[in-house]
Amino acid sequence: MANNLVYGVKDKPKFGQMIVFAFQQLLAIMAATIAVPAIVGNGMTASAALFGAGVGTIVYQLFTKFRSPVFLGSSFAFIGSMVAAFAGATSASLGFLGIILGALFAGLVYVVIAIVVKLVGVNWIDKLMPAAVIGPTVAIIGLSLAGAAIKDVFSYGPQDGNGAFIMSGFSWVSLICALVTLLVVVLCSTYGKKMAKLIPFIIGILAGYVVAGIFTAIGFATGNDALKILDLAPFKALVADGVTLKTFVAVPQFTFAEAFKGVKEFSWSYAATVAVAYVPVAFVVFAEHLADHKNLSSIIGSDLTKDPGLHRTLLGDGVGSVAGAFFGGCPNTTYGESVGCVAITRNASVATITTTAIMAILIAFVSPFVAFLDSIPGCVMGGVCITLYGFIAVSGLKMIQKVDLEDNANLFTVSVILIAGIGGMAMTIGKVTLTSIACALILGIIVNAVLHNKKKTEVDE
């Protein structure tokens, strides 16, 4: 089996195991997926975003013929676009309509690129973005998230004016919970037997959660707020109005339900505003889409840009993004956390990913489970994310191993991307923000093209 995978793309684990594996994938993508609606605000909900991510993933799998083992979650790249859609709206309802329209505009960009790829093939992409460009870009995706992981590790601790974490009572407890989670994950993944090796994230998160629960119990018993790590607010909200049906089951606040109310306020000028906010970002996310699929291809040992084909992955991502926004408001994108989970567990089963999508859809209605997910401490997720983001970075570095760095053309291409990405070379042009990943990739493409064209000219002479 390619790359020592425990489960290949077409393999189907036993039903009971698959449920557990799917839950692990859900935990891996959950924090980021529900973070986007929380950041954007304006009445967007985590349960609707989770439902939309599940629907978007199933759409993606249909387009890719169930050959690409990756989950689609809420895209951070479109946060600025979503905020702009609400800011330019005359009401919240029109804002919800705007974020659906925006996702549709972004999806159309993917469709156009997919058509081009279908007509002319992918060889031009391989020449434009060879391993010397894609490798360091994938590494940057992981490295750019490093700060977020460490911030989660110390999520309950204060910082000084220089951004350094002050080791107070909260900080030490937060660090201990994160380290317990991290160590359990790496020990299970490295030395675990059978199921323990396949579900290190579940075991790690549960271990961190238990430790956080013990600290919290001690905190309540002693009146020490510094030990109260678990956030019990999500559980208290379930019974705020007494025990009712909503305590157990609740329908998510779907985006389309509110968006339909804003149709009467629609104007073409507002649509143009939304298009300007979304379309340029779609081209940026395309670059990240390509990097994610190149990374996943190296893990599963099969080039996804050729089978099922980049045109199919793009269509799946684009249409899946529209479907996700229709229900949850957030355009979706392939998740590095999901790729990292596949890499660490060596479970590339698409059946597992599909089960995860179904589970996300169902869980969105189960109030206690949504509350449990919301209550997982940031420091516990930080311990998990250190491994996930680290694997993404290392996957990119492994691609660079195949590059001849004795060749200055390759050496400078890799160097420029790494420094621009790690240095945070992000730019805002009008209403469009180019992330550090996008800027690093664009700069790398330019440097690679200039140096290799120069070399070709010298050879011809």
Side-chain angles (χ1 to χ4, degrees), residues 1-9 11-14 16-32 69-71 73 138-139 141-143 145-146 148-150 152-153 175-212 292 295-301 335-353 355-356 359 373 376-399 401:
M1 193 171 293
N3 287 12
N4 298 316
L5 294 175
V6 177
Y7 290 101
V9 172
D11 292 337
K12 293 182 180 179
K14 295 179 181 179
Q17 292 180 326
M18 190 153 59
I19 295 297
V20 177
F21 298 154
F23 181 57
Q24 177 170 248
Q25 268 279 347
L26 185 66
L27 290 176
I29 60 87
M30 182 269 305
V70 64
F71 191 94
V138 170
I141 291 175
L143 294 173
L145 294 168
I150 301 306
D152 281 343
V153 168
L175 177 62
I176 290 171
C177 292
L179 289 180
V180 168
T181 305
L182 171 64
L183 290 174
V184 171
V185 168
V186 297
L187 287 173
C188 287
S189 183
T190 305
Y191 300 108
K193 304 296 182 181
K194 297 181 179 179
M195 280 294 288
K197 194 178 184 70
L198 287 167
I199 56 170
F201 298 122
I202 291 180
I203 299 173
I205 289 174
L206 290 179
Y209 197 94
V210 168
V211 172
D292 279 340
N295 185 15
L296 187 59
S297 296
S298 68
I299 294 169
I300 67 175
Y335 255 27
E337 290 89 340
S338 177
V339 176
C341 188
V342 171
I344 293 174
T345 63
R346 317 309 298 172
N347 178 6
S349 167
V350 171
T352 297
I353 299 295
T355 304
T356 304
M359 185 178 290
L373 295 178
I376 297 176
C379 53
V380 172
M381 293 309 300
V384 171
C385 288
I386 288 177
T387 61
L388 285 174
Y389 300 158
F391 255 79
I392 296 170
V394 172
S395 296
L397 296 177
K398 286 173 66 176
M399 294 183 193
Q401 285 182 326

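Reckoned from all heavy atoms, side chains included, excluding hydrogens, waters and symmetry mates.
For Tyr389, the side-chain hydrogen bond (donor to acceptor under 3.5 Å, both in side chains) partners two or more places apart in sequence, or in a different chain, are Glu337. The ring-ring contact (aromatic ring centres under 6.0 Å, His included) check on Phe21 picks up Tyr7, with sequence neighbours excluded. The ring-ring contact (aromatic ring centres under 6.0 Å, His included) test applied to Phe391 returns no partner, not counting sequence neighbours.
The environment of NZ in Lys197 is crowded: more than 12 heavy-atom neighbours from other residues, nucleotides or ligands sit within 6.0 Å.
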side-chain contact (heavy atoms from CB on, under 4.5 Å) evaluation trace for Thr387 with Val186: CA-CA 8 Å; Thr387 61; Val186 297; 3.9 Å; yes
Derivation of the side-chain contact (heavy atoms from CB on, under 4.5 Å) call for Thr352 and Gln17: CA-CA 9 Å; Thr352 297; Gln17 292 180 326; over 6 Å; no
From CA spacing to verdict: side-chain contact (heavy atoms from CB on, under 4.5 Å), Val6, Asn347: CA-CA 6 Å; Val6 177; Asn347 178 6; 5.7 Å; no
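Using modelled atom types, no side-chain atom of Thr181 and backbone atom of Val384 make a donor-acceptor pair closer than 3.5 Å. Although no hydrogens or angles enter the test, the distance criterion places a donor-acceptor pair under 3.5 Å between the side chain of Gln24 and the main chain of Phe201.
Closest approach of Met381 and Leu27 over heavy atoms only: CE-O, 3.4 Å. The two residues Val380 and Cys177 have their closest heavy-atom pair at CG2-CB, 4.5 Å. When all heavy atoms of Ala149 and Cys385 are compared, the pair lying nearest together is CB-CB, 4.0 Å. A pairwise comparison of heavy atoms in Met195 and Val20 identifies CE-CG1, 4.1 Å as the closest pair.
Note that the CD1 atom of Ile19 and the CG atom of Leu26 stand 11.5 Å from one another [nearest 0.5 Å]. Distance CG/Leu179 to SG/Cys379: 10.0 Å, rounded to 0.5 Å.
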